[in-house]
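Here the structure comes first, spelled out in structure tokens, and everything after it is commentary.
Heavy atoms only: backbone and side chains are in, while hydrogens, waters and symmetry mates are out.
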Amino acid sequence: MRFNHVVAVAAFGAIALAACGSSATASGTGKHTSTPLVTTAASTTVVQSGNSSLGKVLITSSGMTLYGLTKDTSTTSACSGGCVQTWPPLVVQKGWTVGSGLDQSSFHTILRSDGTRQLVAGRWPLYTFAGDSIPVDVKGEGTGGFFAVGIDGKLIKSAPAQAPMAVGGY
């Protein structure tokens, strides 16, 4: 099973690299751009709560799981260049809000090097994962230091598999 996961991630990486040279349409503008892809919130409610296999997580207005990167700080994103092809940052416009049941004061924005504003939950700049294909997928969980963000603004780190206990020994 682990081999299949590695093959799937490798295949996705090859597809993502192949896409790096192509131009993309900026969300909602109709203009073509060669800058890295980003997840741009289309409505003023940019983040909501959703139920995933990891529990309640933050999701975009379209239902995609939001992740944080352990290398980030509350004021700086460490994901740039090719990273944003696989991990598009959640870019927001003025007037953004959070969904019902979430504390607006737990969110803020940071200015990215390209001049866009990225939403931050707690201390984690938020990203989607290009490998998540349906709402509340969590296929990016634990990949390269990225973890789903809970509704409390904390990373949800999957519990590692426990080694079997030895019988009669230490």
CA sep, side-chain torsions, deciding dist, call: Trp96, Thr109, side chain to side chain contact (heavy atoms under 4.5 Å, CB included): CA-CA 10 Å; Trp96 60 269; Thr109 62; 3.5 Å; yes
Quick check on the hydrophobic clustering: are [X] and [Y] connected, directly or via other members, by side-chain heavy-atom contacts under 4.5 Å?
X	Y	answer
Val149	Val120	no
Leu90	Ile151	yes
Val57	Phe129	yes

side-chain contact (heavy atoms from CB on, under 4.5 Å), paired with Leu58, selected from Val98, Val46, Leu102: Leu102
Parallel, tilted or perpendicular: ring planes of Trp87 versus Phe146, cut at 30 and 60 degrees: parallel
Sub-3.5 Å donor-acceptor pair from the side chain of [X] to the main-chain atoms of [Y], do we have one?
X	Y	value
Asp137	Lys139	no
Gln118	Leu111	no
His108	Arg123	no
Asp72	Ala78	yes
Thr97	Thr44	yes

Nearest heavy-atom neighbours spanning Pro88 and Ala130: CD-N, 4.2 Å
Heavy-atom distance under 4.5 Å between the side chains of [X] and [Y], does that happen here?
X	Y	answer
Asp132	Val138	no
Val47	Leu66	yes
Asn51	Val136	no
Thr70	Phe147	yes
Trp124	Leu69	no
Ile110	Pro125	yes
Ser52	Glu141	no

Trace of the side chain to side chain contact (heavy atoms under 4.5 Å, CB included) decision for Phe107 with Leu119: CA-CA 7 Å; Phe107 295 85; Leu119 190 65; 4.1 Å; yes
Distance-only side-chain donor-acceptor flag, Ser77 / Tyr127, under 3.5 Å: yes
Check against side chain to side chain contact (heavy atoms under 4.5 Å, CB included), Arg112 and Val84: CA-CA 12 Å; Arg112 294 183 56 80; Val84 299; 3.4 Å; yes
Inter-residue atom distance Lys71.NZ - Cys83.SG, 0.5 Å rounding: 8.0 Å
